[in-house]
Number of protein chains: 2
Amino acid sequence: MSDPLSTLPGYLLRRASAAALAGLNRRLAPLGLRHVDASLLLILHSMPGTTQSEAGRLLDIQRANMVPIVSRLEGRGLIDRQKVDGRSQGLHLSSKGEALCAEVREEIEAYELALLAGLPEDMRESAVAVLEAFWRAAEALNVEALSGEEG
Amino acid sequence: MSDPLSTLPGYLLRRASAAALAGLNRRLAPLGLRHVDASLLLILHSMPGTTQSEAGRLLDIQRANMVPIVSRLEGRGLIDRQKVDGRSQGLHLSSKGEALCAEVREEIEAYELALLAGLPEDMRESAVAVLEAFWRAAEALNVEALSGEEG
DNA sequence: TATTGTTATACTCTATAACTATA
DNA sequence: TATAGTTATAGAGTATAACAATA
C-alpha cells in the first residue's frame, strides 16, 4: 500500500466500497439476491407502498433501470404491485418477501457488525458519521457543479 | 435521508464512493480521461517501469481488463512499453504523458481538497484514516471468506 | 406540462476461460 | 509449473431517448 493513490480519499472510498460490496454480495448470494434487491426489500419493509420511481430516487437509480429489478422481485413472488392512481403502483412485500427480508436483515446486520468490528476501537464510534459526511460532501460538490453548468 | 439504509456503513460507502467518482470523472473529462486512466498515470509517474500486471494487482483490475486501458493510453501516446524480459513490458510515461499527468495531479488534488473541505472540521484529521480502516476491514472479511471456501 | 412505467439501446466495468510465449 | 500479455465473451451496472397513459 505504498502507491501514490493510498492517501486519496476518493480512491480509498472506491476501494473500500468495492471490497464491502463484494463481501455483502457474497453473503446475499445464498438468498438469490444482489445488494440492490436487498436494498429494495429493506425499503419496502420500512416504507410499504413506495413506488418504483420513489425507490429509484432514494437509491439514485434511473426509472428505466428500476424496471428489471422490480420485475425480477415480482417474478419471484417477493413483492406485489398495488395501483395508487392511474400511473403509479405502490410496491409491497408479499409474505414470502417479508420472510426473505427478515433473512436479509440478519445477513446485513451481521455483515455491518463484522465490518465495524474490523475497525480500530477508537474509530468505531465516529466511523458511520464520517461516511455520512463524505457522502454529503461529495453530493454537495456534484450539485454545485451541476448548477454551475445550467445557471 | 430517513430511509432504513442510511445507517449502514456498506451502503454509505457505496453512495459516497459513487458520488465522489462522479465528481472526479467530471473533472477529468476535459482531459479526455477516466478515473482509471488517471490512476494508471499517477502510478507510472511514481513507479515508472511498472508492468500492466503489476498495475492491475495494485488497482485490483484483472490482467485481461488492463489490456484496453493500456492500449488506449498507448494509442494516445501517453505511455510507452519497454521490454523487461520476453514476456513482461515495463510501462513508462512519455513526455506527453508526464505533461498530462501534471494536469491530472492538479485536478485530483483540487478535488480531494474540496472533498475534505466539505467535511465538518472536527472530522478532517481522522477522515482518511477511517477510510483506510474500512478498506482494510472489508478486505479482511473477504480474505477470511475466501480461505474458508478453500481450506 | 410534468410524471409514471416502459422499451430499446449503448456504454462502462467486471469476471472467466482459454491461448501463446516465456520464465 | 507459473506468469505476462492477449482475445473473446458474458454479465452487471448505468445513461439516454422515446413512447403511451395519466396527473
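Computed from heavy atoms alone, side chains included, the values below leave out hydrogens, waters and symmetry copies. Chain A is the first sequence line, chain B the second, and so forth, proteins listed ahead of strands; every chain is numbered from 1. Bear in mind the structure is a predicted one, so any value in this text is a computation, not a measurement.
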**Study point:** Spacing of B:Leu119 atom CG and B:Glu125 atom CD [to the nearest 0.5 Å]
**Key:**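 Going from the CG atom of B:Leu119 to the CD atom of B:Glu125 covers 12.5 Å.
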
Exercise for review: Would you indicate which nucleotide in D:dG5, C:dT16, C:dG5 comes nearest to any side-chain atom of B:Ala64?
Suggested key: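 Of D:dG5, C:dT16, C:dG5, C:dT16 is nearest to the side chain of B:Ala64.
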
Check your understanding: What nucleotide, of D:dT6, C:dA23, C:dT6, holds the atom closest to the side chain of B:Asp85?
Key ->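 Between D:dT6, C:dA23, C:dT6, the one nearest the side chain of B:Asp85 would be C:dA23.
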
Practice item. Before giving the answer on side-chain contact (heavy atoms from CB on, under 4.5 Å), spell out for A:Leu41 and A:Leu33 the whole-Å C-alpha distance, their side-chain angles and the decisive distance to 0.1 Å. Key: CA-CA 10 Å; A:Leu41 294 184; A:Leu33 296 172; 3.8 Å; yes

What's the [atom1]-[atom2] distance between [X] and [N], to the nearest Å?
X       : N      : atom1 : atom2 : answer
B:Gln82 : D:dA4  : CD    : P     : 18 Å
B:Leu21 : D:dG13 : CG    : C1'   : 13 Å
B:Ile69 : D:dG5  : CD1   : P     : 13 Å
A:Leu59 : D:dA15 : CG    : P     : 13 Å
A:Arg63 : D:dC19 : CZ    : C1'   : 12 Å
B:Lys83 : D:dT6  : NZ    : C1'   : 12 Å
B:Gln62 : D:dA12 : CD    : C1'   : 15 Å
A:Asn25 : D:dG11 : CG    : P     : 17 Å

Look at [X] and [N] and indicate whether a side-chain polar atom (N or O) is within less than 4.0 Å of OP1 or OP2.
X       : N      : value
B:Arg34 : C:dT12 : yes
A:Ser53 : C:dT3  : no
B:His35 : C:dT12 : no
A:Arg57 : C:dT4  : yes
A:Arg14 : C:dC13 : no
B:Gln52 : D:dT6  : yes

**Study point:** Within one Ile-Leu-Val-Met-Phe-Trp-Tyr cluster: A:Leu12 and B:Leu21, side-chain cutoff 4.5 Å
**Key:**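 Hydrophobic grouping puts A:Leu12 apart from B:Leu21.
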
Practice item. With DNA chain D as reference, determine whether B:Ser88 or A:Ile61 sits nearer its 5' end, using the nearest nucleotide of each. Key: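 Its nearest nucleotide lies further toward 5', so the answer is B:Ser88.
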
Exercise for review: Go through the steps for A:Leu131 and B:Leu131 under the test side-chain contact (heavy atoms from CB on, under 4.5 Å), then give the verdict.
Suggested key: CA-CA 8 Å; A:Leu131 298 185; B:Leu131 298 185; 3.8 Å; yes

Review point. Between B:Arg72 and A:Asn65, which has a closest nucleotide on DNA chain C that is more 5'?
Key: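 The residue mapped nearer the 5' terminus is A:Asn65.
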
Check your understanding: Within the modelled atom types, does a donor on one side and an acceptor on the other bring the side chain of A:Arg87 and the base of C:dG5 under 3.5 Å apart?
Key ->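 By the distance-only test, no, there is no pair.
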
Review point. Can you name the one residue among B:Val36, B:Ile61, B:Thr51 that meets side chain to side chain contact (heavy atoms under 4.5 Å, CB included) with B:Met66?
Key: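 Filter result, single survivor: B:Ile61.
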
